[in-house]
**Student:** 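Questions regarding the structure given below will be posed in turn.
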Amino acid sequence: MKRQMWVLFVGAALVLAGCGTAGGGDTAAQDEPDAARTKTAPPTSAAPTTSTGPAAPDASRYVIGFGDLSAVSLPTGDPGVVGIVVAGETTDSGGAVNMVVRNNTSDEVGRIEVTGTARDSAGALVGSGSSQGFQPQVVAPGEIAYGYVYFDSEIPPGSTFQFSVDADSVDDYFLPVTVTEINNNGSQIIGAVTNENSVAVSGPISADVMCFGLDGSLIDYARSYAEEDELPAGGAGSFSIDLYGDECPIGLAAASGYGY
């Protein structure tokens with residue numbers, strides 16, 4: 001099963017076009033879904049604390065959070081689609097547009113892929129990018145996943161982005177690993193993981209954190225890998241992610257590996 005949607009940024013506004021399951025409607029996208037258009041509101045702002053806590057209510061059981069997660073409010077999104085609910089307005093220093101998607105379908109989804117283009121203020125095509133993996137690898141109805149789209153060209157200020165989102169059915173190619181403990185000491189994010197699957201998970205086992213700022217906005221995406229090359233069923237491991245001086249007062253963390 002694969003789903004698709006289109007999204008368009010115009011300044012600070014996020015314009016979404018959503019779809020249902022593949023096979024309906026007319027569009028240039030490969031799965032030809034029905035299209036609808038709506039606007040989302042930005043997340044509300046609040047000051048975070050430095051305490052640790054459970055994952056956000058709309059995140060998967062495979063995700064753990066830290067900081068005051070009540071500072072982050074994510075839009076509900078369009079019904080019946082896997083769609084972007086919040087995203088960065090520009091590329092960050094590494095050429096990435098960070099984003100959060102929500103599964104508003106009636107089925108669990110697995111691998112999520114996002115591709116996109118950028119156009120400058122004159123409408124000229126200035127960039128093409130694709131996602132580098134979303135976490136977690138299993139996203140139930142109503143739950144969120146997070147990731148980014150990387151552009152390998154310089155994107156001028158004031159550019160707009162258009163994205164296409166595809167979500168596959170859950171399979172055993174990628175397997176989630178549960179983050180059971182997390183600690184942000186200011187310079188590193190250190191975590192513990194457990195393989196709750198019935199089979200071994202092969203590496204590299206990536207650990208990914210989406211960071212939110214004091215105003216509730218997306219500010220960074222950080223990735224590292226577990227110390228272990230493989231985790232047997234029931235096995236435990238750990239990871240550390242260097243922040244390189246960047247702030248990450250609030251965040252969501254998830255990890256995954258391979259099922260082969």
**Student:** With distance as the sole criterion, is a donor-acceptor pair present between the side chains of Ser70 and Asp68 under 3.5 Å?
**Tutor:**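 Yes, because at least one side-chain N or O of Ser70 sits under 3.5 Å from a partner of the opposite role on Asp68.
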**Student:** For the residue pair Ser202 and Glu230, what are the closest heavy atoms and their distance?
**Tutor:**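 The pair with the smallest heavy-atom distance is OG-OE1, 3.8 Å.
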**Student:** Between Tyr146 (side chain) and Asp208 (backbone), is there a donor-acceptor pair under 3.5 Å?
**Tutor:**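 Looks like yes, one N/O pair under 3.5 Å.
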**Student:** Is there a chain of hydrophobic side chains (I, L, V, M, F, W, Y, each step under 4.5 Å between heavy atoms) that links Leu74 to Ile250?
**Tutor:**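 Yes, Leu74 connects to Ile250 through the hydrophobic network.
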**Student:** Decide whether Leu231 and Val199 are clustered together by the hydrophobic rule: side chain heavy atoms of Ile, Leu, Val, Met, Phe, Trp, Tyr closer than 4.5 Å, transitively.
**Tutor:**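 Yes.
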**Student:** If I take atom CZ from residue Arg223 and atom CG from residue Asp242, how far apart are they, to the nearest 0.5 angstrom?
**Tutor:**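 The CG atom of Asp242 is 15.5 Å from CZ of Arg223, to the nearest 0.5 Å.
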**Student:** With rounding to the nearest 0.5 Å, note down the distance linking OG1 in Thr160 to CG in Asp120.
**Tutor:**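 Separation between the atoms: 8.5 Å.
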**Student:** Ignoring hydrogens, what is the shortest heavy-atom contact between Val209 and Ala253? Give both atom names and the distance.
**Tutor:**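 Reported closest heavy-atom pair: CG2-CB, 3.8 Å.
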**Student:** Side chains of Glu227 and Ser238 only: does a donor on one sit below 3.5 Å from an acceptor on the other?
**Tutor:**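 No, Ser238 and Glu227 have no side-chain donor paired with an acceptor closer than 3.5 Å.
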**Student:** Where is the tightest heavy-atom contact between Glu89 and Phe161, given as atom of each residue plus distance?
**Tutor:**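 The pair with the smallest heavy-atom distance is O-CE1, 3.4 Å.
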**Student:** Show, in sequence, the C-alpha distance, side-chain angles and deciding distance for Ser187 and Asn185, and conclude whether the side-chain hydrogen bond (donor to acceptor under 3.5 Å, both in side chains) test is met.
**Tutor:** CA-CA 6 Å; Ser187 61; Asn185 64 16; 3.2 Å; yes
**Student:** Decide whether Glu113 and Ser130 meet the rule of one side-chain donor and one side-chain acceptor closer than 3.5 Å.
**Tutor:**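 No.
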**Student:** Any chance the side chains of Asn103 and Glu143 put a donor and an acceptor closer than 3.5 Å?
**Tutor:**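 No.
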**Student:** Arg61 and Thr178: which non-hydrogen atoms are nearest, and at how many Å?
**Tutor:**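 Of all heavy-atom pairs spanning Arg61 and Thr178, the closest is O-CG2, 4.0 Å.
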**Student:** Can you check whether Tyr225 and Phe239 have ring centres sitting under 6.0 Å from each other?
**Tutor:**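 No, they do not, as the ring centres are separated by 6.0 Å or more.
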**Student:** Start with the C-alpha distance between Ile144 and Leu252, add both sets of side-chain angles, then the distance that settles side-chain contact (heavy atoms from CB on, under 4.5 Å), and finish with yes or no.
**Tutor:** CA-CA 11 Å; Ile144 58 169; Leu252 297 175; 3.8 Å; yes
**Student:** For the OG atom of Ser217 and the CG atom of Asn98, what is their distance to the nearest 0.5 Å?
**Tutor:**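 These two atoms lie 10.0 Å from each other.
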**Student:** Indicate yes or no: at least one non-hydrogen side-chain atom of Ile219 is less than 4.5 angstrom from one of Pro249.
**Tutor:**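 In short, these two side chains touch, coming nearer than 4.5 Å.
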**Student:** Quick check: does any side chain N or O of Arg102 sit under 3.5 Å from a backbone N or O of Pro75, one acting as donor and the other as acceptor?
**Tutor:**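 Yes, because the side chain of Arg102 sits within donor-acceptor range (under 3.5 Å) of the backbone of Pro75.
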**Student:** In sequence, state the C-alpha distance, the side-chain angles, and the governing distance for Val138 and Ser60, and then conclude on side-chain contact (heavy atoms from CB on, under 4.5 Å).
**Tutor:** CA-CA 8 Å; Val138 176; Ser60 163; 5.6 Å; no
**Student:** In this structure, which one of Val86, Val85, Val114 forms a side-chain contact (heavy atoms from CB on, under 4.5 Å) with Met99?
**Tutor:**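 So, applying the side-chain contact (heavy atoms from CB on, under 4.5 Å) to Met99 and each of Val86, Val85, Val114, only Val114 qualifies.
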**Student:** Output the distance between atom OG1 (Thr117) and atom CZ (Phe151), rounded to the nearest 0.5 Å.
**Tutor:**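 If I round to the nearest 0.5 Å, the distance is 7.0 Å.
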**Student:** Linking I/L/V/M/F/W/Y whenever their side-chain heavy atoms sit closer than 4.5 Å, directly or via other members, would Tyr150 and Leu218 fall into one cluster?
**Tutor:**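 Yes, one cluster joins them.
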**Student:** Are Thr90 and Pro157 side-chain neighbours, meaning at least one heavy-atom pair lies under 4.5 Å?
**Tutor:**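 No; the side chains remain at least 4.5 Å from each other.
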**Student:** Check for me, please, whether Val126 and Val149 land in the same ILVMFWY cluster - side-chain distances under 4.5 Å, paths through other members count.
**Tutor:**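 Both belong to a single hydrophobic cluster.
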**Student:** Using the side-chain contact (heavy atoms from CB on, under 4.5 Å) rule, take Thr115 and Phe163 through it: C-alpha gap first, then chi angles, then the decisive distance, then the call.
**Tutor:** CA-CA 6 Å; Thr115 57; Phe163 296 105; over 6 Å; no
**Student:** Tyr148 and Phe134: aromatic ring centres closer than 6.0 Å?
**Tutor:**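 Judged by ring-centre distance (under 6.0 Å), Tyr148 and Phe134 do not meet the cut-off.
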**Student:** Search all heavy atoms of Ile112 against all heavy atoms of Val101 and return the closest pair with its distance.
**Tutor:**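 Distance-wise, the nearest heavy atoms are CD1-CG2, 3.9 Å.
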**Student:** Please determine whether the number of non-hydrogen atoms from other residues, nucleotides or ligands lying under 6.0 Å from atom CG of Asp229 exceeds 12.
**Tutor:**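 Not more than 12 within 6.0 Å, no.
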**Student:** Regarding Asp171 and Ser169, do their side chains bring together a donor and an acceptor under 3.5 Å, going by distance alone?
**Tutor:**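 Looking only at side-chain atoms, Ser169 and Asp171 do not form any donor-acceptor pair under 3.5 Å.
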**Student:** Hey, does the side chain of Thr105 reach the backbone of Asp107 with a donor-acceptor pair shorter than 3.5 angstrom?
**Tutor:**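 Indeed, once roles are kept as given, a pair shorter than 3.5 Å links the two residues.
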**Student:** Within the 4.5 Å heavy-atom criterion, are Ser256 and Pro136 side-chain neighbours or not?
**Tutor:**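 Contact flag for Ser256/Pro136 side chains = no.
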**Student:** Would you find a donor on one side and an acceptor on the other, under 3.5 Å apart, between the side chain of Asn197 and the backbone of Pro176?
**Tutor:**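 A pair under 3.5 Å: yes.
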**Student:** May I ask you to decide if the ring planes of Tyr173 and Tyr260 are parallel, tilted or perpendicular, using 30° and 60° as cut-offs?
**Tutor:**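 Rings of Tyr173 and Tyr260: tilted, as their planes differ by 30° to 60°.
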**Student:** For the residue pair Gly259 and Leu175, what are the closest heavy atoms and their distance?
**Tutor:**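 Heavy-atom minimum between the residues: CA-CD1, 3.5 Å.
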**Student:** Hey, what do you get for CD (Glu196) to OH (Tyr62), rounding to the nearest 0.5 Å?
**Tutor:**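 Taking CD in Glu196 and OH in Tyr62, the distance rounds to 7.0 Å.
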**Student:** Could you walk me through whether Phe66 and Ile189 pass side-chain contact (heavy atoms from CB on, under 4.5 Å), step by step?
**Tutor:** CA-CA 10 Å; Phe66 57 87; Ile189 297 171; 3.8 Å; yes
**Student:** What distance separates Asp92 CG from Tyr221 OH, expressed to the nearest 0.5 Å?
**Tutor:**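 Rounded to the nearest 0.5 Å, the CG-OH separation comes to 12.0 Å.
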**Student:** Can Ile241 be reached from Val179 by stepping across I, L, V, M, F, W or Y side chains whose heavy atoms are under 4.5 Å apart?
**Tutor:**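 Result: yes, single cluster for both.
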**Student:** Examine distances only and state if a side-chain atom of Asp220 and a backbone atom of Cys211 form a donor-acceptor pair shorter than 3.5 Å.
**Tutor:**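 Judged by distance alone, no pair lies under 3.5 Å.
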